[in-house]
Amino acid sequence: MTLPAPSDPHDGARPVVRPARTSDVRGIVALLDPWVLRRVLLGKELVTLFESVQEFVVAEAGGELIGCGALHVMWEDLGEIRTLIVAEDWLHHGVGGAIVSRLEQRARELGLSRLFCLTFEVDFFRRRGFAPIGEQVVDPDVYSQLLRSPDEGVAEFLDLAHVKPNTLGNTRMLKNL
């Protein structure tokens with residue numbers, strides 16, 4: 001997926017969103033690190049990023065990674081958009097929206113009907129059809145199964161007490177596809 005050129009030149013580079021490769025992982029870390037230092041996003045171990053590289057798409061322009069995002073399947077009908085990052089000089093040029101669109105397309109291909117995100121960027125996700133959610137958004141049987149997951153993102157979705165320090169100030173949002 002090629003995006004229109006941004007309004008500022010960026011050497012005329014046109015962003016392209018594509019599936020991530022293992023060779024992109026260190027670039028994903030470089031995108032992630034400034035946001036981790038600002039305590040906006042949680043850091044991820046390098047091994048975790050390599051293990052989950054198939055969940056990621058990246059945006060690149062002129063051979064440089066300028067954004068990324070991942071789709072993590074949580075249940076038969078439910079996925080999470082996570083680690084959505086756009087390089088600061090590419091913010092507000094449609095890169096984040098293109099990444100989310102590509103992840104939504106992949107979610108539909110997998111048969112998912114709902115997408116979750118945990119975010120500070122409420123307006124961005126609201127414009128894409130996400131809405132804040134309350135406490136209980138899955139039935140009790142699914143909830144009991146999800147409790148068995150070791151994944152911190154699932155714990156954040158369930159709003160479990162032990163992840164509250166990670167979620168302070170964030171909004172839990174959901175979109176029906």
For the CG atom of Leu174 and the CD atom of Glu80, what is their distance to the nearest 0.5 Å?
11.0 Å
For residues Leu65 and Asp24, report the shortest heavy-atom separation together with the two atoms involved.
CD1-O, 3.5 Å
What residues, two or more places apart in sequence or in another chain, satisfy side chain to side chain contact (heavy atoms under 4.5 Å, CB included) together with Leu49?
Val25, Ile28, Val29, Lys44, Phe56
For Lys175, check salt bridge (charged side-chain N to carboxylate O under 4.0 Å, His left out) against everything at least two apart and list the hits.
Glu104
Pro19 and Val58 have their tightest heavy-atom pair at O-CG2, 4.5 Å
Where do Phe157 and Leu118 land on the side-chain contact (heavy atoms from CB on, under 4.5 Å) test, with the steps shown first?
CA-CA 8 Å; Phe157 170 74; Leu118 179 69; over 6 Å; no
Do Arg128's NZ or CZ and the ring of Phe124 fall within the cation-pi criteria of under 6.0 Å and 45°?
yes
Could you tell me the separation between the CG atom of Leu71 and the CD1 atom of Ile81, rounded to the nearest 0.5 Å?
7.0 Å
Could you give the distance from CG (Leu112) to CG (Leu103), rounded to the nearest 0.5 Å?
11.0 Å
Can you confirm whether Arg172 sits close enough to Cys117 that some side-chain heavy atom of one is under 4.5 Å from a side-chain heavy atom of the other?
no
Salt bridge (charged side-chain N to carboxylate O under 4.0 Å, His left out) partners for Asp33, two or more places apart:
none
Keeping to residues at least two apart or across chains, list the side-chain hydrogen bond (donor to acceptor under 3.5 Å, both in side chains) pairs with something in residues 60-74.
Arg18-Glu60, Glu55-His72
Indicate the atoms forming the closest heavy-atom contact of Ile66 with Ala61, along with that distance.
CD1-CB, 4.0 Å
Apply side-chain contact (heavy atoms from CB on, under 4.5 Å) to the pair Arg26 and Leu46, showing each step before the final yes or no.
CA-CA 8 Å; Arg26 294 184 194 281; Leu46 193 57; 3.2 Å; yes
How about CZ on Arg38, more than 12 heavy atoms from neighbouring residues, nucleotides or ligands closer than 6.0 Å, or not?
yes
Considering residues at least two apart in sequence or located in another chain, which fulfil the side chain to side chain contact (heavy atoms under 4.5 Å, CB included) criterion with Thr48?
Glu45
Nearest heavy-atom pair of Leu31 and Ile85: which atoms, and what distance?
O-CG2, 3.6 Å
Looking at every non-hydrogen atom in both residues, tell me the closest pair between Cys68 and Ile99 and how far apart they are.
N-CD1, 3.5 Å
Within this structure, what is the CD1-CZ distance for the pair Ile133 and Arg114, rounded to the nearest 0.5 Å?
8.5 Å
Indicate the atoms forming the closest heavy-atom contact of Phe125 with Met173, along with that distance.
CB-SD, 3.8 Å
Supply the atom-to-atom distance Met74 CE to Leu115 CG, rounded to the nearest 0.5 angstrom.
10.5 Å
dist Leu78:CG -> Ser113:OG (nearest 0.5 Å) comes out at 8.0 Å
Please name all residues satisfying side chain to side chain contact (heavy atoms under 4.5 Å, CB included) with Ser23, sequence neighbours left out, ordered by chain then number.
Arg21
